[in-house]
Each structure stands twice: as C-alpha cells, then as structure tokens.
Colleague: 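Can you read through this structure? Questions will come right after.
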Amino acid sequence: MIYFTILILFLFVYILLILEKFFILQSTSKLIDEFNNHLEELHNILTQYNTRYGAYQQDVVLDCPEGKKHINALVNLMPRVKDVPNISWGYSNLSYNNGGERNFRNAWTLYNELLESHDHQVYAFKKQFNPKYAIIYILNIPSKIISLFGIQFKKETSSNIFNFVSWIIGTLVTIFQPEIKAIILELLK
C-alpha cells in the first residue's frame, strides 16, 4: 500500500511539474506574439511615413496617435514581461514617461530577451520530462514546507541535511507507529 501511495505521489508531482513548465512556456509564447504584432505595426507605420514624406523622423511618427496606440499597448504588456523568468528588463523598461522612440528601442530589446527566455523555457520544459527532477522535488518537500514559515536555509547543504533527517524521522515514525502509540498510551495512564 505504501508503494502505491509513493507511486501516486511521484506521478502527481511529475505531471504537475511538467504542466507548470508548459503553462509558463505558453504564457511567454502569447506574450511574444503580442509583442511581435505591435512591433510589426509600428514598423509598418514608420515605413509608410518614410515612403510618404521621404524623411525618417522616428520620434515624430511614434508620437502620432496611431504609433502611440501601439506604444501604449506595449507598455501595458510590461507587467506580464516582469513575470517571465530569465528576463533582465531593468535597463529596457517600457514606461509612459519614456518617449515613443525610447519605448520603441526598449520594446525591441525586450522582444529579443523574450525570444531568448522562450528558448530557455523550451529547454527547461524538455528537461522536465526526466523523472530525476520530480524525485528531487519530492525529496525537497520538507525544506519547502519549512520555507513557508519564513525559515530559509543559507546553504544548500543545510537544506539537504534537514531533508534527509526529516525523511528518516518520518520513515521511523511510520515503521514504529504501534510501539510509539503504546508508549504514549502508557505515559498517559
């Protein structure tokens, strides 16, 4: 019975970790598509203006109502960009305080960062199919529970020792449960 429970726990964690990586990957893909659509529209606006007037004044074009609409849409995506792992958005922040040209340049930088992060996420998703990561996650459950109470281990070695001791104590309590129960009942008499 215990083996069946362990197998169910393992399968649950294994599938959960794969789904977590999948949903992160999907979210980033949608964000990349939205960035791409707005950047293409801005590029088309700049190309039309350059063809029509023969001058290429990016700042003027990007501050026109049509350009501003796409720039503002990109700025609205910034909170979602901040949630994407492996993105260093600090230097390429999109903001309403920035001018259209600066936001346009920063949007291209962020778009490239999103593409790179997507590549890392695809790799992490494929890597998650290795059962080793589910086993490691299960073995780290005691330290994860302790971290919910605000206790953080400074070194990974401390965390590993705590996990090992927790699993040993849990196993011993399970094995000697009848004897422990008898001792407690004897003490209460």
Colleague: Ring centroid separation for Tyr133 and Phe129, is it under 6.0 angstrom?
Modeller: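 Here the rings of Phe129 and Tyr133 have centres that are no less than 6.0 Å from each other.
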
Colleague: Between Glu34 and Arg80, is the closest basic N to carboxylate O distance under 4.0 Å?
Modeller: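 Salt bridge between Arg80 and Glu34, a charged N being under 4.0 Å from a carboxylate O: yes.
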
Colleague: Would you sort out whether Tyr123 and Lys126 count as a side chain to side chain contact (heavy atoms under 4.5 Å, CB included), showing the intermediate values?
Modeller: CA-CA 5 Å; Tyr123 174 72; Lys126 290 177 181 176; 5.7 Å; no

Colleague: Does some side-chain heavy atom of Leu39 sit less than 4.5 Å from a side-chain heavy atom of His43?
Modeller: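 In short, these two side chains do not touch, never coming nearer than 4.5 Å.
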
Colleague: Do the side chains of Val122 and Leu114 join up, straight or via other hydrophobic residues, at under 4.5 Å, putting them in one cluster?
Modeller: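 Different clusters.
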
Colleague: Measure the shortest side-chain to side-chain distance between Pro65 and Lys68 over non-hydrogen atoms and say whether it is less than 4.5 angstrom.
Modeller: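 Contact flag for Pro65/Lys68 side chains = no.
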
Colleague: Which heavy atom of Ile138 sits nearest a heavy atom of Trp167, and at what distance?
Modeller: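 Of all heavy-atom pairs spanning Ile138 and Trp167, the closest is O-CZ2, 3.3 Å.
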
Colleague: Is the count of non-hydrogen atoms from other residues, nucleotides or ligands lying under 6.0 Å from Tyr137 atom OH greater than 12?
Modeller: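 No, OH of Tyr137 has 12 or fewer neighbouring heavy atoms, counting only those of other groups under 6.0 Å.
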
Colleague: For Val84 versus Gln121, what's the shortest heavy-atom pair and its separation?
Modeller: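 The answer is CG1-NE2, 3.6 Å.
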
Colleague: Under the side chain to side chain contact (heavy atoms under 4.5 Å, CB included) rule, what do Tyr96 and Asn103 come out as? Steps first, then yes or no, please.
Modeller: CA-CA 9 Å; Tyr96 293 111; Asn103 275 333; over 6 Å; no

Colleague: Of the non-hydrogen atoms in Ile45 and Glu66, which two are nearest, and what is the gap between them?
Modeller: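 Nearest heavy atoms, Ile45 then Glu66: CD1-CG, 3.6 Å.
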
Colleague: Please check if atom OH in Tyr3 has more than 12 non-hydrogen atoms from other residues, nucleotides or ligands closer than 6.0 Å.
Modeller: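 Counting other residues, nucleotides and ligands, OH of Tyr3 stays at 12 neighbours or fewer.
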
Colleague: Work out which heavy atom in Ala107 is nearest to a heavy atom in Leu74; give both atom names and the distance.
Modeller: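 Closest approach of Ala107 to Leu74: CB-CD1, 3.8 Å.
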
Colleague: Can you measure from NZ (Lys155) to OG (Ser159) and round to the nearest 0.5 angstrom?
Modeller: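 Those atoms lie 13.5 Å apart.
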
Colleague: Is there a side-chain contact between Asn106 and Asn93 (heavy atoms, below 4.5 Å)?
Modeller: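 They are not in contact (no side-chain heavy atoms under 4.5 Å apart), so the answer is no.
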
Colleague: Would you confirm whether Asn76, through its side chain, and Asn72, through its main-chain N or O, come within 3.5 Å as a donor-acceptor pair?
Modeller: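 Yes, the answer is positive, given that a donor and an acceptor are paired below the 3.5 Å cut-off.
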
Colleague: Is there a side-chain contact between Asn37 and His70 in this structure, where contact means two heavy atoms from C-beta onward sitting under 4.5 Å apart?
Modeller: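 Asn37 does not reach His70 side chain to side chain.
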
Colleague: Any side-chain heavy-atom pair from Asn98 and Ile71 closer than 4.5 angstrom?
Modeller: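 No; the side chains remain at least 4.5 Å from each other.
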
Colleague: Once you measure the plane-to-plane angle for Phe10 and Tyr14, does it fall in the parallel (<30°), tilted (30-60°) or perpendicular (>60°) bin?
Modeller: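 Because their plane-to-plane angle is under 30°, the rings of Phe10 and Tyr14 count as parallel.
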
Colleague: Which residues, ordered by chain and number, are linked to Ile146 in its hydrophobic cluster, where ILVMFWY side chains connect at heavy-atom gaps below 4.5 Å, directly or through other members?
Modeller: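 ILVMFWY cluster around Ile146 also holds Ile151, Phe153, Phe162.
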
Colleague: Could you pull out all residues at least two apart from Ile184 that satisfy side chain to side chain contact (heavy atoms under 4.5 Å, CB included)?
Modeller: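 Checked Ile184 against side chain to side chain contact (heavy atoms under 4.5 Å, CB included); matches are Ile180, Leu188.
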
Colleague: Counting C-beta onward and ignoring hydrogens, is there a side-chain heavy-atom pair between Ile136 and Lys132 closer than 4.5 Å?
Modeller: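 The answer is yes; the side chains approach within 4.5 Å.
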
Colleague: Which of these passes side chain to side chain contact (heavy atoms under 4.5 Å, CB included) with Asn163: Ile141, Ile168, Asn140, Leu139?
Modeller: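 In the set Ile141, Ile168, Asn140, Leu139, the residue that makes a side chain to side chain contact (heavy atoms under 4.5 Å, CB included) with Asn163 is Asn140.
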
Colleague: Looking at every heavy atom in both Leu17 and Ala134, which two are closest together, and how far apart are they?
Modeller: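 Minimum heavy-atom separation between Leu17 and Ala134: CD1-CA, 3.9 Å.
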
Colleague: Within this structure, what is the OG-CG distance for the pair Ser143 and Leu148, rounded to the nearest 0.5 Å?
Modeller: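 CG of Leu148 is found 10.0 Å from OG of Ser143.
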
Colleague: Is there a donor-acceptor pair under 3.5 Å between the side chain of Ser27 and the backbone N or O of Phe23?
Modeller: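 The answer is no, because no donor-acceptor pair under 3.5 Å joins these two groups.
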
Colleague: Do Ile24 and Pro85 touch side chain to side chain, with heavy atoms closer than 4.5 Å?
Modeller: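 A side-chain contact exists here, since the closest heavy-atom pair is under 4.5 Å.
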
Colleague: So which heavy atom on Ile87 is nearest to which on Ser117, and how close?
Modeller: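 Heavy atoms only, the tightest pair is CD1-CB, 4.1 Å.
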
Colleague: Ile15 versus Ile18: any side-chain heavy-atom pair under 4.5 Å?
Modeller: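 Heavy-atom side-chain distance check fails, nothing below 4.5 Å.
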
Colleague: Inspect the surroundings of CD in Glu156 and state if more than 12 heavy atoms from other residues, nucleotides or ligands are less than 6.0 Å away.
Modeller: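 Atom CD in Glu156 is not packed in, count stays at 12 or less.
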
